[in-house]
Structure formats: C-alpha cells, structure tokens
Amino acid sequence: MKLERRGDPGIPASPSLPETEKKPETGRKKPVIVYILILFIVAFLLMAFSLLVHQRNNTEALGRLQSSVTAMQEVQDLQDQVIQLQKELADTEEALSSAEEERDSLDQALSEAQDYTAGLIRKSNADYHLYALQQKYLLQDFEGCREIIRAMEDGNLAAELPDGGGSIDVTAPSVRYQELKEAVEARKD
C-alpha cells in the first residue's frame with residue numbers, strides 16, 4: 001500500500017508538516033528514551049551495588065559468626081578438659097586420702113612393732129645381764145657382779161625380768177636376780 005501511495009499521484013497524500021517541524025519531534029523522542037534507558041541502567045547498577053554490599057556484609061557476618069562458633073567450640077572443649085581434669089583431681093585426691101590412711105595405719109603398726117622390738121631388746125639385755133651376773137658370781141668375780149648390778153639398776157633392766165617361770169622347779173629370773181644381788185651385797189670385800 002505504501003508503494004501505491006507513493007506511486008499514485010492521484011491519491012492525495014496526507015497533509016504533511018514541513019520538514020523543519022518533523023525533526024524536532026523525532027529529536028524529542030530520542031532524549032526521553034535515552035533518559036529512561038539511563039534511569040534503568042542506574043537503577044540496575046544501584047541494585048547490583050546493593051546486592052554486592054549486602055553480600056559483603058553477609059560474608060562478614062558469617063565470618064564473625066563462624067569465628068564465634070569456633071570460639072564457643074574451643075570454650076566447650078576447654079570446659080570438657082576442665083571437667084575431665086576435675087574428675088582426675090578428685091580421683092587423685094581420693095587415692096591420696098586412702099594412701100594417707102594406709103600410711104597412718106602402717107606408721108602406727110611400725111610404731112607398735114618398734115615398741116615391741118624395743119621391749120624385746122630390753123628383755124634380751126636384761127636376760128643377758130642376768131646370765132653375765134650368774135657367770136661372774138660363779139667365777140666369784142664380785143667386782144664384776146657389782147658393775148653388772150649397777151648397769152642393770154641404771155638401765156632399769158631388772159624390771160624387764162619375768163616374775164614367773166614356765167615350770168615349777170625353775171626359779172623366776174626376777175627372783176634369781178634378787179638372790180644374786182643380795183648375795184653380792186652380803187660379800188663386801
């Protein structure tokens with residue numbers, strides 16, 4: 001149809017405006033489209049920039065959150081270690097307490113054994129001195145007898161001699177000591 005219009009001089013063409021008026025109209029449409037296009041581009045760029053800023057903020061927040069979670073895990077691990085060490089400490093204190101009780105009972109048993117041993121040594125010394133006194137008396141070494149009697153009196157060994165004998169026909173050691181002592185004192189040379 002357009003061809004017909006152009007080619008047919010008989011059809012009146014639509015009234016046309018002078019060319020000077022048409023140009024400003026097309027020139028006016030272009031700046032508006034460019035302006036709208038620039039606005040869309042600026043809006044898109046602002047949205048992209050906002051997205052990047054939010055992404056960066058989210059990344060930083062996630063990093064802080066991750067470091068907080070890591071710190072909390074470390075704290076939890078440390079608390080677990082503290083609890084484990086407290087349990088070990090309680091077990092060790094309990095073992096120490098039982099060891100101290102055992103040591104105290106062993107110390108008491110040792111003390112009793114030492115007292116018993118000291119008593120046996122004193123009895124043995126008393127028996128030895130009584131035997132030596134009898135030997136000196138039989139040899140009629142009365143000066144030696146007096147030294148033994150003095151040593152027995154100074155060390156209170158006469159009290160360690162038993163009062164009774166195991167059988168009826170044996171003289172008790174304490175009685176024998178008194179007899180020998182009286183016999184030596186009666187022989188003042």
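Keep in mind the model is a prediction, meaning the values are calculated, not measured.
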To the nearest 0.5 angstrom, please state how far the [atom1] atom of [X] sits from the [atom2] atom of [Y].
X: Glu102; Y: Asp107; atom1: CD; atom2: CG; value: 10.5 Å
X: Leu62; Y: Ser68; atom1: CG; atom2: OG; value: 11.5 Å
X: Cys145; Y: Lys181; atom1: SG; atom2: NZ; value: 13.0 Å
X: Asp141; Y: Leu133; atom1: CG; atom2: CG; value: 10.5 Å
X: Ile83; Y: Leu78; atom1: CD1; atom2: CG; value: 11.0 Å
X: Gln81; Y: Glu88; atom1: CD; atom2: CD; value: 10.5 Å

Side-chain heavy-atom pair [X], [Y] within 4.5 angstrom cut-off:
X: Leu180; Y: Leu130; value: yes
X: Gln79; Y: Gln76; value: yes
X: Leu89; Y: Leu85; value: no
X: Tyr131; Y: Asp127; value: no
X: Asn57; Y: Glu60; value: yes

Give a yes or no on whether Phe40 and Val32 share a hydrophobic cluster (residues Ile, Leu, Val, Met, Phe, Trp, Tyr; joining criterion: side-chain heavy atoms under 4.5 Å apart).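 Yes, Phe40 and Val32 fall within the same hydrophobic cluster.
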
Verify same cluster id: Leu45, Val53 (apolar side-chain graph, 4.5 Å):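 Per the 4.5 Å side-chain linkage, Leu45 and Val53 are not co-clustered.
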
Looking only at non-hydrogen atoms, find the nearest pair between Val184 and Tyr137 and report the distance.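 In this case the closest contact between Val184 and Tyr137 is CG2-CD1, 3.9 Å.
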
Shortest non-hydrogen contact from Ala95 to Ser98?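 Minimum heavy-atom contact is O-OG, 2.9 Å.
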
Here's a test for you: under side chain to side chain contact (heavy atoms under 4.5 Å, CB included), which of Asp154, Ile148, Ile149 qualifies with Met152?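 Among the candidates, only Ile148 passes.
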
Is [X] salt-bridged to [Y], going by a charged N under 4.0 Å from an acidic O?
X: Glu143; Y: Arg146; value: yes
X: Arg122; Y: Glu160; value: yes
X: Arg150; Y: Glu153; value: no

State whether the side chain of [X] and the backbone N or O of [Y] hold a donor-acceptor pair below 3.5 Å, judged by distance alone.
X: Thr70; Y: Gln66; value: yes
X: Ser97; Y: Glu93; value: no
X: Ser174; Y: Pro162; value: yes

